[in-house]
Protein chains: 2
Amino acid sequence: MVQMRPWVEIAEELRREIDRGVYGPGERLPSGSELMSRFGVARQTVQNAIDQLRAEGLVLSVAGRGWFVSERKPIVRLARNRLSKAERTAGRGTFMSDAAAGKWKPAVTVKIRRGQAPEDVCSYLGLDPGGEREVVVRDRVMCADGEVVQLAVSYLPVDVAAGTRLEEADTGPGGAYARLEEMGFELTHFTEVVSARSPRPREAELLQIPFGFPVIQVIRVAFAGDRAVEVNHITMSSERYQLVYQIDAD
Amino acid sequence: MVQMRPWVEIAEELRREIDRGVYGPGERLPSGSELMSRFGVARQTVQNAIDQLRAEGLVLSVAGRGWFVSERKPIVRLARNRLSKAERTAGRGTFMSDAAAGKWKPAVTVKIRRGQAPEDVCSYLGLDPGGEREVVVRDRVMCADGEVVQLAVSYLPVDVAAGTRLEEADTGPGGAYARLEEMGFELTHFTEVVSARSPRPREAELLQIPFGFPVIQVIRVAFAGDRAVEVNHITMSSERYQLVYQIDAD
DNA sequence: GAGTGGTCTAGACCACCCA
DNA sequence: GGGTGGTCTAGACCACTCC
């Protein structure tokens, strides 16, 4: 049970002290130099231990000031009814629905383009990966109270979206799903595939992700009957988001 | 747009080369020494770049052999019907249901104990955090084909579980949920709260998590009508798992 | 034994914050 | 200006693998 790697033991010791309340929420930890002499190790070793605690979400670092015990994280929650027809007919898209529930101010910047569908999108939309795979791409950066919290890239088949409101930045009240339904694609169900991974540097920068924090990735497919009409790649900071799903027992 | 930090640029360059197929899946990357001289940096800097790619899931390291482009990850999938009554009456618990779908060999080790409920469990189960918070705890380590893939800790109210089969290691066919239903708690729905974070060292060791890979955490609450009868803290490697949810459009 | 990845040390430099 | 966190270098050592 004894760990040989020094930084692991240092991290464990500090974690215990934080749990025990030696350093309370928001308080500063001892500085790098102090920890070096206390544990008798080099700067890098202390840094590794702190990096671990940062990755766990226990510690926050502020350049030039110090390391701080983090306060409890703010929770933005995704409920089930965000995808309900009721929300759409009330004029709210999914993101707006979250904003209304969470009482924060939403903002979205959109870039529209035509592009090639990635492989997984091809298989969902039923496009031959070797053939024509042009799709309409809606690339969005979403903010809550001025901070970027979510990246979303939607892929729509050309024969569905070309020349419609879906190729404009503002899709209007109720969002893209409302427009799809007006066009006769009555949405029947959605599939969400949830996974987690570490962010690419660009994502980390955009989402202002603290060191070591993973992102949650959701691939949502919107179905109108048997037909998949949209694939949405959603990336969000795991620090800001928790996903809530309700499953009925039959 | 120019990044100043060397390891970020090195990681980006290597990522491009992997995407372009210079190094195909399963192939070995250049060794540390080679990369050091190619980019003209110190060992640690190369290591940081590789660590980033490992965290993204692109690269796998094998001690004493080298760094390898990872193959596509094996997908263990959680479907919606894993929580269905049909699966339970067929004698399969949720984990067994996954195993049957994924064609791998399940194994579970269980430790039962009485303990204090953590704060979030108290609030779900309606226990006063200041008062009596003893619960029955089922601590499980789950394996697929001999590898640990999931940790799960269930909390059950004492007045529900005490002295029943739920306090035994083997809950019998259909698992704990089947027993709850036999006891008159007809399960109506489940809530799953999904989040992601970096693993604690102990979790990383148990789950054999590659460096930097986050874990997915699911808190599942089982309801019999209005009453929450079980809270389950589930931790799994994001490398092994993808969660699939289906949402009906009303 | 030679090569590999992984970690630790010691010392340096930078950007940032605060007095 | 002195302290802070963050990173890079150079060199060392260990465990592991392959020959």
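Predicted model, so just to flag it, every value in this text is computed and none were measured. Throughout, protein chains are lettered first and strands after them, A, B, ... in sequence-line order, and every chain is numbered starting at 1. Hydrogens, waters and symmetry mates play no part in the numbers below; they use all other heavy atoms, side chains included.
- In summary, of the residues considered (B:Arg138, B:Glu230, B:Arg220), a side-chain hydrogen bond (donor to acceptor under 3.5 Å, both in side chains) with B:Ser154 occurs for B:Glu230 alone.
- Close to D:dC8, at under 4.0 Å from its OP1 or OP2, lies a side-chain N or O of B:Asn48.
- Within the structure, a side-chain polar atom (N or O) of B:Ser33 is placed less than 4.0 Å from OP1 or OP2 of C:dT4.
- For the pair A:Leu53 CG and D:dG5 P, the computed distance is 13 Å after rounding to whole Å.
- In terms of modelled atom types and a separation under 3.5 Å, the side chain of B:Ser70 and the main chain of B:Leu58 share a donor-acceptor contact.
- Between the CG atom of A:Leu53 and the CH2 atom of A:Trp7 there is a distance of 9.0 Å, given to the nearest 0.5 Å.
- Using a 4.0 Å cut-off, no side-chain N or O of A:Thr45 falls inside it from OP1 or OP2 of C:dT7.
- Taking only side-chain nitrogens and oxygens, A:Trp7 comes nearer than 4.0 Å to OP1 or OP2 of C:dC8.
- Closest contact between the side chain of A:Gln47 and the listed nucleotides D:dT4, C:dA10, D:dG6 involves D:dG6.
- For the pair A:Arg65 CZ and C:dC16 P, the computed distance is 15 Å after rounding to whole Å.
- Residue B:Asp51 contributes atom CG, which lies 11 Å from atom C1' of C:dT7 at whole-angstrom precision.
- Residue B:Arg54 places at least one side-chain N or O under 4.0 Å from the OP1 or OP2 atom of C:dG6.
- Contact annotation: B:Arg28 side-chain N/O to C:dG5 OP1/OP2 distance is not under 4.0 Å.
- A sub-4.0 Å separation between OP1 or OP2 of C:dG6 and a side-chain N or O of B:Ser61 is present.
- A sub-4.0 Å separation between OP1 or OP2 of C:dT4 and a side-chain N or O of B:Ser31 is present.
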